[in-house]
Colleague: 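Attaching a single structure in structure tokens format; questions to follow.
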Amino acid sequence: MTRVVFLLVPQLHLLDLAGPAQVFSTAADFGHGYEIRYVAEQEDVPTAQGITLRAGTRWPRLTPEDLIVVPGWRARTLRGNGALTRETLDRLVAHHAAGGTVASVCAGADALGRAGLLDGRRCTTHHDVQDELARRYPRAQVVRDVLFVTDGRVITSAGIASGIDLALHLIAVRHGAATAARAAREMVVYARRNGDDRQQSAMLRHRSHLSDAVHHVQDLIDAGYTSTLPLADLAAAVGLSERTLTRHFTGATGLTPLRYQQELRLERAEHLIVQGATVESAARAVGFQDARMLRRLRGRSQDVPGTGGPSTTPARPGQAGRARDSRSTSPTDVRASALRAASSASP
């Protein structure tokens, strides 16, 4: 059981708290072991939105598997706001020193700064107070224009809704990108994951839509992307024709089902290669018979500027029936192309 402890500060923003709390609660509903606790320096905690919250004042016993999250609070400036005693700040330091993870949302980064946890680390916060955070903690490297920054076991996020992105990232790290995508879909939010490195996995990049049928097919591909997945079987699983599935899938994700599967294979293969695997062994591990298709996909990804992977441009409104694959011009052509490629790429 992993404890997620939210440290509540007076005038906290409700969404800074409720967003990530909902993510971990949703993961718990899926069967993952999360216990959510709320602590503060006083039982009654006023919020910026006018509701008073009740929290415990005694900290639970924590292990290195547990997480402390400091939601942000309303403040024009960081100085003089979000007051916490040295004893509370020392708890943050002690948990991190024992191997635990400490995270913040929005102005909550200031609490981590006062605790000394930002020294020598990359971090971020709400754009309104980024400059002040940099001035207050000159040993920290404040990263701008990102949703969150991970530096070891210190994770900071930007403003308000970015706490959801941070929590989804932590779920993906602990339980896999498919679980994070499922949680995001359950909450009806975009599965956004951002940082100054490319942190958004292929399983999450193409989940920013509300088509249940396409999400179900993506779940099937996510679970079996190393195997042969005939288009007819995927279509039958959601009660659609192959042509209709291809049209809906392309309209929702910008990719055909085959290209989506190939992107998952490519991303996993690139990870294996970085870890020292040969192209040939990586190709076999992700489901290709040999390295030829993997080399072809890697070459194609390098031809798409600014992506580091295959083209993932989402479909624009009105393009639901138009394939983003440059080789295809109609749903019928997409299907034919997919079947031909599947035949050559399947193990």
Colleague: What are the two closest heavy atoms between Val286 and Ala269, and how far apart are they?
Modeller: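 Where Val286 meets Ala269 most closely, the heavy atoms are CG1-N, 3.7 Å.
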Colleague: Is there side-chain contact between His216 and Asp212, with at least one heavy-atom pair below 4.5 Å?
Modeller: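 Not touching, per the 4.5 Å side-chain cut-off.
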Colleague: Kindly give the heavy-atom pair with the smallest separation between Gln261 and Gly224, and that separation in Å.
Modeller: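 Taking every non-hydrogen atom into account, NE2-O, 4.3 Å.
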Colleague: Only counting residues at least two apart or in another chain, list the ones meeting side chain to side chain contact (heavy atoms under 4.5 Å, CB included) with Ile51.
Modeller: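 For Ile51 the side chain to side chain contact (heavy atoms under 4.5 Å, CB included) partners, ignoring immediate neighbours, are Leu14, Thr47, Leu53.
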Colleague: Work out which heavy atom in Val105 is nearest to a heavy atom in Pro20; give both atom names and the distance.
Modeller: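 Heavy atoms only, the tightest pair is CG2-CG, 4.5 Å.
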Colleague: Using the six-membered ring of Phe288, assess whether NZ or CZ of Arg265 lies under 6.0 Å from its centre and within 45 degrees of the ring axis.
Modeller: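 Yes - Arg265 lies over the ring of Phe288, closer than 6.0 Å to its centre and within 45° of its axis.
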Colleague: With no hydrogens and no angle check, is any side-chain donor or acceptor of His126 less than 3.5 Å from a backbone partner on Asp128?
Modeller: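 Side chain of His126 to backbone of Asp128, a donor-acceptor pair under 3.5 Å: yes, one is there.
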Colleague: List the steps, then state whether side-chain contact (heavy atoms from CB on, under 4.5 Å) holds for Leu62 with Ile68.
Modeller: CA-CA 9 Å; Leu62 300 178; Ile68 297 176; 3.8 Å; yes
Colleague: Please round to the nearest 0.5 Å and tell me the distance separating atom CZ of Arg247 and atom CG of Leu240.
Modeller: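 Reported to 0.5 Å precision, the distance equals 9.0 Å.
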Colleague: Can you check whether Val143 reaches Cys123 side chain to side chain, under 4.5 Å on heavy atoms?
Modeller: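 Val143 vs Cys123: side chains apart.
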Colleague: Would you say that Leu231 contacts Thr246 through its side chain, given a criterion of any heavy-atom pair below 4.5 Å between the two side chains?
Modeller: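 Result yes, sub-4.5 Å side-chain heavy-atom pair found.
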Colleague: Looking only at heavy atoms, which two atoms of Ala291 and Ala283 are closest? And how far apart?
Modeller: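 Shortest heavy-atom separation between Ala291 and Ala283 comes out as CA-CB, 3.7 Å.
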Colleague: Would you mind telling me which of Thr125, Leu118, Leu166 makes a side-chain contact (heavy atoms from CB on, under 4.5 Å) with Thr156?
Modeller: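 Going through the options one by one, the only one that passes is Leu118.
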Colleague: About how many Å separate CG of Leu297 and CD of Glu267, when rounded to the nearest 0.5 Å?
Modeller: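 So the CD of Glu267 and the CG of Leu297 are separated by 13.0 Å.
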Colleague: Find the distance between CG (Leu258) and CD (Glu263) and round it off to the nearest 0.5 Å.
Modeller: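 These two atoms lie 11.5 Å from each other.
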Colleague: In the structure I gave you, are the side-chain heavy atoms of Val217 and Leu245 within less than 4.5 Å of one another anywhere?
Modeller: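 Val217 vs Leu245: side chains touch.
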Colleague: For Arg86, look at atom CZ and say whether over 12 heavy atoms of other residues, nucleotides or ligands are found less than 6.0 Å away.
Modeller: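 Enclosed.
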Colleague: If you look at every heavy atom in Ala111 and Trp73, which pair is closest and at what distance?
Modeller: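 Reported closest heavy-atom pair: N-CH2, 4.1 Å.
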Colleague: Could you tell me the separation between the CD atom of Gln11 and the CD atom of Gln49, rounded to the nearest 0.5 Å?
Modeller: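 If we round to the nearest 0.5 Å, Gln11:CD and Gln49:CD are 8.5 Å apart.
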Colleague: Tell me which pairs pass salt bridge (Lys or Arg N to Asp or Glu O under 4.0 Å) where either residue lies in residues 170-188, with sequence neighbours left out.
Modeller: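 For residues 170-188, and leaving out neighbouring residues, the salt bridge (Lys or Arg N to Asp or Glu O under 4.0 Å) pairs sorted by first residue read Arg185-Asp219.
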Colleague: For the CD atom on Glu87, are there more than 12 heavy atoms of other groups (residues, nucleotides or ligands in this structure) within a distance under 6.0 Å?
Modeller: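 Incorrect, the count does not exceed 12.
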Colleague: Is there a side-chain contact between Arg58 and Val39 in this structure, where contact means two heavy atoms from C-beta onward sitting under 4.5 Å apart?
Modeller: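 Contact flag for Arg58/Val39 side chains = no.
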Colleague: Would you check if Phe24 and Leu170 make a side-chain contact, meaning some heavy-atom pair closer than 4.5 Å?
Modeller: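 Counting from C-beta outward, Phe24 and Leu170 do come under 4.5 Å.
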Colleague: Any side-chain heavy-atom pair from Gln218 and His209 closer than 4.5 angstrom?
Modeller: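 They are in side-chain contact.
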Colleague: Find the distance between CG (Leu7) and CG (Leu12) and round it off to the nearest 0.5 Å.
Modeller: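 Here the rounded value is 9.5 Å.
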Colleague: Determine the minimum heavy-atom distance between Val93 and Ala115, stating which atoms define it.
Modeller: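 Here Val93 and Ala115 meet closest at CG2-O, 3.1 Å.
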Colleague: Ignoring hydrogens and angles, state whether a donor on the side chain of Arg207 or His215 is under 3.5 Å from an acceptor on the partner side chain.
Modeller: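 Side chains of Arg207 and His215: pair found under 3.5 Å.
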Colleague: Do Glu41 side-chain atoms and Pro10 backbone N/O form a donor-acceptor pair below 3.5 Å?
Modeller: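 Not a single qualifying donor-acceptor pair exists.
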Colleague: Do Ser281 and Leu272 have side-chain heavy atoms sitting under 4.5 Å apart?
Modeller: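 Of all side-chain heavy-atom pairs linking Leu272 with Ser281, none is under 4.5 Å.
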Colleague: Got a sec: does the CD of Glu65 have more than 12 other heavy atoms crowding it under 6.0 Å?
Modeller: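 Incorrect, the count does not exceed 12.
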Colleague: Check whether any side-chain N or O of His13 sits under 3.5 Å from a backbone N or O of Ala107 as a donor-acceptor pair, and report yes or no.
Modeller: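 Checked: no pair found.
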Colleague: Which is it for Arg74 and Asp16 under the salt bridge (charged side-chain N to carboxylate O under 4.0 Å, His left out) test, yes or no, and what are the steps along the way?
Modeller: CA-CA 10 Å; Arg74 173 180 286 169; Asp16 282 15; over 6 Å; no
